[in-house]
Amino acid sequence: MSERTDLVVRDVSVLDCTGREPSGRHDVVVHEGRIAAIEVAGHAKHARLTSVDGAGCTLLPGLTDAHVHFAIIGPHGDHGDEPLINHVLKVASFISSALDEGFTTVRDAGGLEPAWAKAVESGLVRGPRILPSGSYLSQTGGHGDHRLAHEAVHGHGASIPGLIARAEVVDGADAVRRAAREQLRRGATQIKIFASGGVVSPTDPFDSVQFSRDEIAAAVEVAQGWHTYVLAHCHTSEAIDVAVAAGVRSIEHGSLLDTETAARMAEHGVFMVPTLQTVVMIRDDPDRFGLTAEKAAAIRSVADRCFESIRVADAAGVAIGSGSDVVGPWQGRRGEEIVLKAPILGAHRAIVSATRTNAELFNLAHRIGTVEVGKDADLILLRGEPLDDVELFADPDNVRLVLQRGTVMKDADGRVTPQA
Ligand SMILES: [Zn+2]
């Protein structure tokens, strides 16, 4: 890790992610960790500053991912069945890798102890800014209840505060309220709940509606009191309707979204965070997730609908964020989510979903998500022109430089020349 320094990224094409088309070449000046100026390239000013060569690259805001699971290191959506030291080392490597992939802010959608976010913030672990959700909340028999049907107790045991945030299984508004407060106390920046069935969980039907409206409303009330919000895992419109009525702000997956529900989401300003990468991964290779033939067939039928649901949401005017939801050893190519979304939204809007729109969802649009004067200098240099070739995002090697609040975190080509 290098020291933060004032610098200028020279002669670069800027895709600022405000929605504007890039035009011409610019010099982008970073002062005290923020973007201080964006000027037409070639002026002799700033000669004394550390210089970053932008040739052959596009400058973008650091990418964001609204749905990571850094601590889900096992292939079956669990925390792994290994010595704790392995768990810790793997989580640290996944966090560090995300930064190399060009992600400078991520929202962990559950499973990561909030202490990790603080460890990154304090410089103990190299990684992006993390917005942790702590333990996700599940009802008994819900998507977060990992017990097999014949088990009374799950073999992996309970959360370890400060280290492991397993699912909290809670029933009734009071228990949900207490669990939500507990997550916030530990440092969660928002609350994650499971409001419908899922694919990899052992006992719940995929189309089940989970948590009652009053249980979800209890979590929402707690979150709003803390000036934050609830994100809900929901696959079906039936489940989304309950979550939206209860005040949830962020619908995760939204795989089977219909027009009426999409209109309700738009009306309430609810975001949708589709997670195509993990759906495609499970569809194409169900064996490695240990899925039964029945579950594999279910995911195949859902996969196509996931793409259609994004079209439905977009047509209704729902703000569409971006999340990869990759778990286990397959973390490391989160930019593929942008590539998968591009045929539906177009390359430019797919990129904006993973920058500006996510920033709005995180309530951080005043600091991140676009290349504009005054914003944090969370910036990346991507090889080539992503609007012409969105596939560039699929390979993290195309991310040649990463700046995090003005600090050089990755410089693959030696583009940074310190001031003389
Ligand atoms: Zn997830």
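Both ligands and their constituent atoms are indexed starting at 1 by order of listing. Model, not experiment: these values are computed from the prediction. In what follows, every heavy atom counts, from backbone to side chain, and hydrogens, waters and symmetry copies are set aside.
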Once you round to the nearest 0.5 Å, how far does SG of Cys57 lie from CG of Leu382? 7.0 Å
SB check Arg185 Glu182 (cutoff 4.0 Å): yes
May I ask you to decide whether Glu260 forms a salt bridge with Arg264, counting only side-chain N to carboxylate O separations under 4.0 Å? no
Quick test of your reading: applying salt bridge (charged side-chain N to carboxylate O under 4.0 Å, His left out), list the pairs with at least one residue in residues 336-352, sequence neighbours left out, ordered by first then second residue. Asp314-Arg349, Arg333-Glu336
Less than 4.0 angstrom from a charged side-chain N to a carboxylate O is my criterion; do Lys90 and Glu82 meet it? yes
Restricting to under 2.8 Å, identify the protein N, O or S atoms around the Zn ion (ligand 1) as residue plus atom. His67 NE2, His69 NE2, Asp325 OD1
Heavy-atom side-chain proximity of Val170 to Phe211 below 4.5 angstrom: yes
